2 protein chains.
Amino acid sequence: MVTLSDVAKKANVSKMTVSRVINHPEQVTDELKLLVFKAMKELNYRPNVAAKALARNRTQIIKLFILEEMSTVEPYYMSLLTGIARELEKRQYSLQLVTQHNFDIGGCDGYIITGMRDQDYEWIGRLEKPVVLFGENHYGYDFIDTDNQKGIKMATKYMLDRDYQQIIFIGIDLNEPFEYSREAGYLQVMQQVQKTPQIIRVSNHSHSAEKIIGKNWRKFPGNTGFVCASDRLALGVERAVMKQQGKVPEEYGIIGHDGVFLDQVADPRLTTIRQDVTKMGEACAKMVLRKIEQVGAPQGERLFVPTLVARETTR
Amino acid sequence: MVTLSDVAKKANVSKMTVSRVINHPEQVTDELKLLVFKAMKELNYRPNVAAKALARNRTQIIKLFILEEMSTVEPYYMSLLTGIARELEKRQYSLQLVTQHNFDIGGCDGYIITGMRDQDYEWIGRLEKPVVLFGENHYGYDFIDTDNQKGIKMATKYMLDRDYQQIIFIGIDLNEPFEYSREAGYLQVMQQVQKTPQIIRVSNHSHSAEKIIGKNWRKFPGNTGFVCASDRLALGVERAVMKQQGKVPEEYGIIGHDGVFLDQVADPRLTTIRQDVTKMGEACAKMVLRKIEQVGAPQGERLFVPTLVARETTR
DNA sequence: GTTTGATCTGTTACCGCTATCAAAATAAAA
DNA sequence: TTTTATTTTGATAGCGGTAACAGATCAAAC
């Protein structure tokens with residue numbers, strides 16, 4: 001195994017200089033830097049993460065809490081993980097996945113938390129290492145999220161553009177900020193165009209949406225657009241419409257939200273508000289690492305603007 | 001931070017004794033063990049993973065390679081991850097997720113690899129640390145998998161039990177062992193009951209299955225059972241049947257395979273061969289850790305028997 | 001009561017890296 | 001040129017564990 005000392009010897013400098021080239025390059029002359037880089041490359045030097053962690057009194061570990069039940073877990077967590085993992089690896093950090101069933105012990109340098117419900121904020125506030133949330137909140141915690149409001153605004157406007165007359169929002173029956181933001185987006189656009197909004201809230205399962213749409217079918221005369229708070233709901237709505245022999249997209253438009261996995265499985269394929277979840281994952285990792293560097297300084301929020309992917313459920 | 005020394009002082013023993021209590025308890029008298037445990041508890045001692053790793057020349061890191069494209073990635077990888085993470089954490093290991101886009105550098109103590117295709121085995125063979133595969137293979141690598149053959153056998157038999165006359169296997173158009181095993185399971189049962197088997201292979205997308213079933217609809221008279229190699233395919237088959245006004249499950253039976261996520265999204269809900277992917281994840285982790293302990297000794301294979309979950313697509 | 005052997009516990013020396021401070025080299029001011 | 005300030009580099013001492021060996025303890029055998 002190639003160590004710092006090996007590189008140091010080869011470059012005719014001290015260990016410390018090599019260490020500095022890696023961690024504080026601004027403190028080293030360009031001349032020496034060059035020598036050291038050359039030696040590192042020639043020896044194919046790989047720093048020993050454990051040694052670094054020990055010396056700096058760090059763990060080089062970030063914990064990811066996924067607080068939702070894994071059975072209901074959205075497939076997009078996989079993309080989130082990919083993004084986080086990619087960024088952490090670049091910076092020589094490891095990941096530890098924490099779910100309901102292993103609320104645990106070992107130390108870490110920071111946390112990324114997602115799937116929070118209101119009651120979680122209390123213990124989150126007591127965590128002693130930097131925390132970044134994936135998902136908006138109103139408690140002042142730093143977070144990354146998609147721009148929920150803008151996303152649904154886009155969807156609603158798109159429905160209007162495509163000339164659907166009656167536009168209905170199918171929301172998730174949950175008192176969480178992301179849902180409020182989405183509804184707000186819908187309401188704002190409806191207000192702008194002076195149409196009466198209509199919101200139906202159901203639990204986030206395709207069957208719930210399907211059922212409620214079926215039951216209230218007579219209220220949806222044709223030319224109706226359904227803006228849905230998730231692709232799951234959109235999938236359920238789509239099925240309900242199809243079963244009622246409603247024509248998609250001619251008579252009924254459907255727009256989902258998320259654009260990860262489910263939208264492609266649907267038939268016709270869902271028009272959806274797509275989020276780049278992987279990129280958001282990277283952003284979570286970057287933010288928590290920056291926060292660690294800055295000894296816990298607040299990082300604020302970062303919203304990612306989603307894109308509307310037009311497919312087969314809108315005309 | 002509480003260290004070994006703190007515990008040692010409190011228990012009036014040396015650091016080494018404490019270390020032994022943790023790593024080689026059989027070498028310590030019960031008397032001392034009790035003292036040490038008490039001290040550990042009272043001080044709430046948490047071992048420093050980095051220090052341990054450094055001293056033992058280990059990384060305490062396991063890398064998980066997911067070789068499939070993340071866009072097509074099955075949601076069940078999330079369950080796999082959960083299982084792996086849970087087990088690793090118990091043993092003070094961290095996880096590093098490696099995908100197409102960060103084929104990387106840093107060291108590790110072992111690998112778990114999944115989503116391999118034939119051409120991958122070459123470089124896998126060159127890895128210098130213990131490897132465990134998730135997914136059967138014929139190259140002698142240690143692996144964990146679901147019992148593909150038995151699963152499809154169960155499905156096929158179940159179709160027969162439910163008195164579907166013509167039973168068709170919808171397979172994945174891929175030259176991989178798991179597919180062969182599934183087909184073998186189907187073929188064996190068909191042979192036993194002296195029925196002519198019929199296999200249709202398509203790429204693993206719901207739309208592919210839907211299309212091919214639609215196109216060949218006249219070949220499926222009613223009283224037909226479709227045994228599918230994945231829930232995705234089953235979903236497509238289900239849609240095709242519904243579109244042709246076929247009655248599910250009265251006239252047409254459908255059984256999927258995997259039982260993670262998609263089966264619940266379908267409507268009617270899919271009868272499926274369910275795997276406990278989380279448990280298999282745990283098994284992967286256990287196996288690779290054992291292999292590390294045993295300096296790379298072969299561990300063989302371990303097949304998990306899946307269960308048939310009867311729902312709404314079989315009568 | 002020694003001696004011997006086995007079992008248990010403690011001492012020492014690292015593992016590879018970084019913070020801290022001291023020393024050397026360089027630049028600026030006197 | 002000498003003095004002083006500044007920048008750059010090096011020596012040292014851990015970080016918290018573990019392996020390897022040395023020393024102590026204890027029981028059985030002489």
Side-chain angles (χ1 to χ4, degrees), chain A residues 1-37 39-40 43-61 91-94 105-109 292-293 295, chain B residues 1-37 39-40 43-61 91-94 105-109 292-293 295:
Chain A
M1 173 179 243
V2 184
T3 72
L4 260 196
S5 306
D6 298 330
V7 177
K9 244 173 258 169
K10 180 129 198 163
N12 266 317
V13 295
S14 72
K15 280 164 57 175
M16 253 339 275
T17 302
V18 180
S19 173
R20 283 201 187 92
V21 168
I22 296 170
N23 299 298
H24 312 283
E26 75 285 356
Q27 298 178 10
V28 182
T29 18
D30 292 349
E31 201 179 2
L32 282 194
K33 252 184 285 192
L34 239 58
L35 276 179
V36 170
F37 277 133
M40 291 201 299
L43 296 173
N44 190 31
Y45 170 68
R46 301 284 162 229
N48 182 317
V49 180
K52 177 177 198 158
L54 180 58
R56 303 183 51 194
N57 193 25
R58 292 270 177 78
T59 62
Q60 303 294 118
I61 290 172
R91 308 277 299 269
Q92 301 190 276
Y93 272 80
S94 296
I105 20 170
C108 69
D109 296 341
I292 290 169
E293 245 172 42
V295 208
Chain B
M1 174 180 240
V2 184
T3 72
L4 260 196
S5 307
D6 298 329
V7 177
K9 243 173 259 170
K10 180 128 197 163
N12 268 318
V13 297
S14 72
K15 279 166 57 175
M16 252 340 273
T17 302
V18 181
S19 173
R20 285 203 187 91
V21 169
I22 296 170
N23 299 299
H24 311 283
E26 75 284 358
Q27 299 179 8
V28 182
T29 16
D30 291 349
E31 200 179 4
L32 282 194
K33 252 185 283 195
L34 239 58
L35 277 179
V36 171
F37 277 133
M40 291 201 298
L43 296 173
N44 191 31
Y45 169 69
R46 300 284 163 232
N48 182 317
V49 181
K52 177 175 198 161
L54 180 59
R56 305 183 50 195
N57 193 25
R58 292 273 176 78
T59 61
Q60 303 294 118
I61 291 172
R91 308 275 301 267
Q92 301 189 279
Y93 271 80
S94 295
I105 19 172
C108 67
D109 296 341
I292 291 169
E293 245 172 40
V295 209

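The chains referred to below are lettered A, B, ... by the order of the sequence lines, with proteins before strands, and numbering in each begins at 1. All values derive from a computational prediction rather than experimental measurement.
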### Message
From C-beta outward on Asn23(A), which listed nucleotide comes closest to its side chain: dT18(C), dT9(C), dA11(D)?
### Response
dT18(C)

### Query
Which residue lies toward the 5' end of DNA chain C, Ile22(A) or Val28(B), if each is placed at its nearest nucleotide?
Val28(B)

### Message
With a 3.5 Å distance limit and no angle check, can you tell me whether Thr29(A) reaches the backbone of Glu31(A) through a side-chain donor-acceptor pair?
### Response
no

### Message
For the backbone of Ile61(B) and the side chain of Ser94(B), can you confirm whether one donor and one acceptor N or O come within less than 3.5 Å of each other?
### Response
no

### Task
Kindly point out which of dT9(D), dT9(C), dC17(C) is positioned nearest to the side chain of Asn48(A)?
dC17(C)

### Message
Please determine whether a side-chain nitrogen or oxygen atom of His24(B) lies at a distance below 4.0 Å from atom OP1 or OP2 of dC8(C).
### Response
no

### Task
Could you please name the option among dT18(C), dC17(C), dG10(C) that lies closest to any side-chain atom of Arg20(B)?
dG10(C)

#### Entry: Of the listed nucleotides dT18(D), dT9(C), dC17(C), the one nearest the side chain of Thr29(B)
dT9(C)

### Query
Mapping Met16(B) and Arg56(B) onto DNA chain C by nearest heavy atom, which one lands closer to the 5' end?
Met16(B)

### Message
If you only use heavy atoms from C-beta on, which nucleotide in dT9(D), dC8(C), dG16(C) is closest to the side chain of Leu32(A)?
### Response
dT9(D)

#### Entry: Spacing between Lys52(A) atom NZ and dC15(C) atom P, to the nearest angstrom
20 Å

### Query
Is Asn48(B) close to Leu54(A) at the side-chain level, that is, under 4.5 Å between some pair of heavy atoms?
yes

### Message
Less than 4.0 angstrom between a side-chain N/O of Thr3(A) and OP1 or OP2 of dG16(C), yes or no?
### Response
no

### Task
Can you figure out which of dT9(C), dG10(C), dC17(C) approaches the side chain of Val13(B) most closely?
dG10(C)

### Task
Specify the separation, in whole Å, of atom CD of Glu26(B) and atom P of dT7(C).
12 Å

### Query
Would you say dG10(C) has OP1 or OP2 under 4.0 Å from some side-chain N or O of Thr17(B)?
yes

### Query
Is the base of dG17(D) touched by the side chain of Lys15(B) through a donor-acceptor pair closer than 3.5 angstrom?
yes

### Rounded distance (Å) that lies between atom P of dT8(D) and atom CG of Leu35(A)
16 Å

### Message
Tell me whether Gln92(A) contacts the main-chain N or O of Gln60(A) through its side chain, where contact means a donor paired with an acceptor under 3.5 Å.
### Response
no

### Query
Does the side chain of Ser14(A) get closer than 4.0 angstrom to OP1 or OP2 of dA11(D) through an N or O atom?
no

### Proximal nucleotide (of dC15(C), dT9(C), dC15(D)) relative to the Ala55(A) side chain
dC15(D)

### Task
Tell me, yes or no, whether the heavy-atom count around Lys9(B) atom NZ, taken from other residues, nucleotides or ligands under 6.0 Å, exceeds 12.
no

